[in-house]
Amino acid sequence: MSAARRWTFILLGLGISLGAGLLCFFVLGLERGASVAAGVTALCAAWWCTEPIPIPVTSLIPFVAFPLTGILDYSQLALAYGDK
């Protein structure tokens, strides 16, 4: 495995670990929605800064994660992504 590919996997794992770590705030008393939002935001921020996957792909993670976790539905999220 090349060094660049190895770094990509390390950075992917770093983002997932950071996001999962912030999801643990739910156990510490933060509301479920807030802890999911913090985890997804941390994951996206880590992947935007390190770019193991392209930034446009990273920006779509909340569009998938929030409806799957029940934080927002697609119509609410589409309003946040778009502009009237």
Side-chain angles (χ1 to χ4, degrees):
M1 180 183 295
S2 70
R5 190 160 176 86
R6 186 176 305 128
W7 272 108
T8 300
F9 283 118
I10 290 170
L11 295 174
L12 284 169
L14 173 73
I16 292 170
S17 299
L18 185 61
L22 286 176
L23 283 175
C24 292
F25 283 165
F26 176 62
V27 176
L28 298 175
L30 195 63
E31 292 181 20
R32 182 180 150 288
S35 64
V36 169
V40 170
T41 301
L43 171 70
C44 290
W47 284 359
W48 278 327
C49 293
T50 59
E51 291 188 50
I53 60 175
I55 290 176
V57 175
T58 305
S59 68
L60 293 176
I61 291 172
F63 198 73
V64 174
F66 288 157
L68 286 177
T69 58
I71 304 302
L72 292 172
D73 62 5
Y74 287 111
S75 61
Q76 294 171 326
L77 198 54
L79 287 174
Y81 268 73
D83 185 22
K84 294 180 183 180

With rounding to the nearest 0.5 Å, note down the distance linking [atom1] in [X] to [atom2] in [Y].
X	Y	atom1	atom2	value
I71	L77	CD1	CG	11.0 Å
I10	T50	CD1	OG1	11.5 Å
W47	L14	CH2	CG	10.0 Å
L11	C49	CG	SG	11.0 Å

Heavy-atom pair of closest approach, residues [X] and [Y]:
X	Y	result
P62	C44	CD-SG, 3.7 Å
A65	V40	CB-CG2, 3.9 Å
S59	P56	OG-O, 2.7 Å
P52	T8	O-CG2, 3.6 Å
G15	A46	CA-CB, 3.9 Å

Are L60 and W48 co-members of a hydrophobic cluster defined by side-chain heavy atoms under 4.5 Å apart? no
Please tell me whether V57 and L43 are part of a single hydrophobic cluster in this structure, the criterion being side-chain heavy atoms less than 4.5 Å apart. yes
Taking the side chain as everything from C-beta on, heavy atoms only, tell me whether T69 gets closer than 4.5 Å to R32. yes
Taking only residues at least two apart or on different chains, which pairs with a member in residues 50-70 satisfy ring-ring contact (aromatic ring centres under 6.0 Å, His included)? F63-Y74, F63-Y81
